[in-house]
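Accompanying notes for the structure given below.
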Amino acid sequence: MTTGPAGQTTKIKLRYFAWVRERVGKAEEEIEAPADIATIAELMAWLSGRGEQYAYAFENPKVIRAAIDRNHVRAEARIEGAGEIAFFPPMTGG
Amino acid sequence: MTTGPAGQTTKIKLRYFAWVRERVGKAEEEIEAPADIATIAELMAWLSGRGEQYAYAFENPKVIRAAIDRNHVRAEARIEGAGEIAFFPPMTGG
Amino acid sequence: MSAPRVGGDPVPAIIRLQHEPIAIAAEVEKLVGVRKDVGAVVTFTGICRADEDGVPIAALNLEHYPDMAEAEIARHVEEACARWPLIGALVIHRYGRIEPGEDIVLVATASSHRQAAFAAAEFLMDYLKTRAPFWKQVESADGAAWVQAKSADDTAAERWSAPPPPQRDAAK
Amino acid sequence: MSAPRVGGDPVPAIIRLQHEPIAIAAEVEKLVGVRKDVGAVVTFTGICRADEDGVPIAALNLEHYPDMAEAEIARHVEEACARWPLIGALVIHRYGRIEPGEDIVLVATASSHRQAAFAAAEFLMDYLKTRAPFWKQVESADGAAWVQAKSADDTAAERWSAPPPPQRDAAK
């Protein structure tokens with residue numbers, strides 16, 4: 001995540017898995033988000049406003065899990081300094 | 001177990017395993033026991049009196065386990081009708 | 001016993017005593033067989049360690065009560081099948097002389113879901129340790145000595161005396 | 001991770017993600033290797049069932065987060081090694097398309113004593129189910145559908161949050 005030239009946006013690398021990936025329509029992307037987005041929950045809310053597909057993917061943010069730099073985090077986790085943020089449904093491995 | 005001619009003795013098939021077998025000095029035998037011996041505990045007490053080896057094998061009857069016709073039984077189990085009675089130390093399989 | 005029936009449902013079971021080494025992969029494959037509802041297989045292999053309480057050992061000699069051992073194991077496999085929804089169960093126990101590194105016993109359980117398979121395998125092992133008529137003798141430089149039964153094994157077996165907890169719903 | 005160190009004692013661990021089928025017997029043999037203090041090996045194999053909730057399935061498609069999955073599994077193997085006296089631990093998880101009857105995951109644990117091996121294998125499976133970033137999609141005649149996470153799996157994983165009970169003394 002790097003802050004944009006005027007300090008108003010930050011570049012974030014995002015990855016999506018399983019049905020979050022299918023709904024968003026891509027596996028990964030780099031976005032420019034407003035610099036005042038501080039947490040995973042705020043990022044999900046902001047992503048929801050980016051269009052129909054995002055609104056569908058994040059319609060129930062309580063069921064979406066997130067990871068920052070390959071570590072599970074909670075919705076209230078701060079995203080500052082994140083290299084890669086991932087969103088996915090509850091895991092069903094094993 | 002069959003009752004002897006005068007009703008005073010019963011024939012019993014005995015089997016011994018592990019250190020009970022080693023102390024008694026044989027793996028199995030058929031004995032004639034007094035007909036008034038009713039339980040496993042009484043049989044062990046009577047066997048103890050049959051000689052030094054038996055006394056050694058049954059010196060601590062609390063640790064000896066018994067089976068009647070291949071089923072675990074307690075010391076107070078009645079031996080009437082038994083086809084085969086086995087004595088052995090606590091099991092250490094698995 | 002090849003198919004204990006519990007509630008009319010036959011559960012394939014393999015119970016065998018043998019001196020020969022155990023072909024684990026082949027035995028487990030036979031157990032699962034063509035069943036398509038197996039989602040979980042748990043195996044336990046007991047192996048002869050190279051030392052007993054710090055003393056290097058040359059071998060274990062396993063004595064058993066042939067007529068009783070198979071019947072006793074079969075009773076516990078039937079109990080496991082009554083307690084948990086098993087699709088298959090297997091117990092193979094060796095006897096005779098077994099050297100360090102060799103397998104002693106194999107228990108395998110198959111179920112649709114993992115909790116049943118784990119619980120049944122632990123249950124069978126706890127009972128084998130305390131109820132199956134086998135006795136281990138250790139051969140070492142000091143001669144031959146019978147292995148003492150461990151009170152921890154009795155404690156482990158006793159926990160199954162309480163009724164089993166209700167089945168949780170399906171989590172493979 | 002090939003040897004997590006716990007209290008200075010290296011525990012050989014094998015952690016691998018692969019599409020290819022799992023050679024269970026060979027993997028377990030590698031795990032036990034030349035160690036002479038292994039007395040107990042527990043394996044868990046997760047197998048693709050032929051139906052999901054009564055609907056026949058053609059295959060499972062397993063998606064995963066490659067960079068994260070291995071790290072997440074490695075963290076839990078390290079935790080298992082810290083909780084129980086393990087001699088070895090192994091987790092192999094497949095991804096991609098897997099047909100009914102094929103293995104999905106293999107967990108194996110080796111210890112001197114059986115309780116540690118059983119507990120660690122259950123612990124690893126409960127965590128794989130709830131924390132490892134894998135997602136199953138079912139292919140059937142009705143099309144493709146993502147498998148729902150099960151609350152029973154969360155419940156199973158939560159029981160490990162309490163501190164582990166004290167180690168019972170040596171019962172293999």
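Note that this is a predicted model, so its numbers are computed, not measured. The basis for the numbers below is simple: all heavy atoms, side chains too, and nothing from hydrogens, waters or symmetry mates. In what follows, chains are A, B, ... by sequence order, proteins preceding strands, each numbered from 1.
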Got a sec: does the CD of C:Glu29 have more than 12 other heavy atoms crowding it under 6.0 Å? no

If you tally heavy-atom pairs under 4.5 Å against chain C, which of D:Val42, D:Val28, D:Val105 wins? D:Val42

Is the number of heavy atoms from other residues, nucleotides or ligands within 6.0 Å of CD (C:Glu102) greater than 12? yes

Do you know the tightest heavy-atom contact between D:Val41 and C:Ile47? CG2-CD1, 3.7 Å

Quick one: does any side-chain atom of C:Arg49 pair with a main-chain N or O of D:Ser112 as donor and acceptor, under 3.5 Å? yes

Proximal component of D:Asp103, with respect to chain C [non-hydrogen, under 4.5 Å]: neither

Neighbour count >12 (heavy atoms, 6.0 Å) for atom CD, D:Gln148: no

Interatomic spacing from CD in D:Gln115 to CG in C:Asp126 - rounded to 0.5 Å: 6.5 Å

For D:Ala121, which atoms come within 4.5 Å of any heavy atom of chain C: side chain, backbone, both, or neither? both

Is C:Asp153 close to D:Arg114 at the side-chain level, that is, under 4.5 Å between some pair of heavy atoms? yes

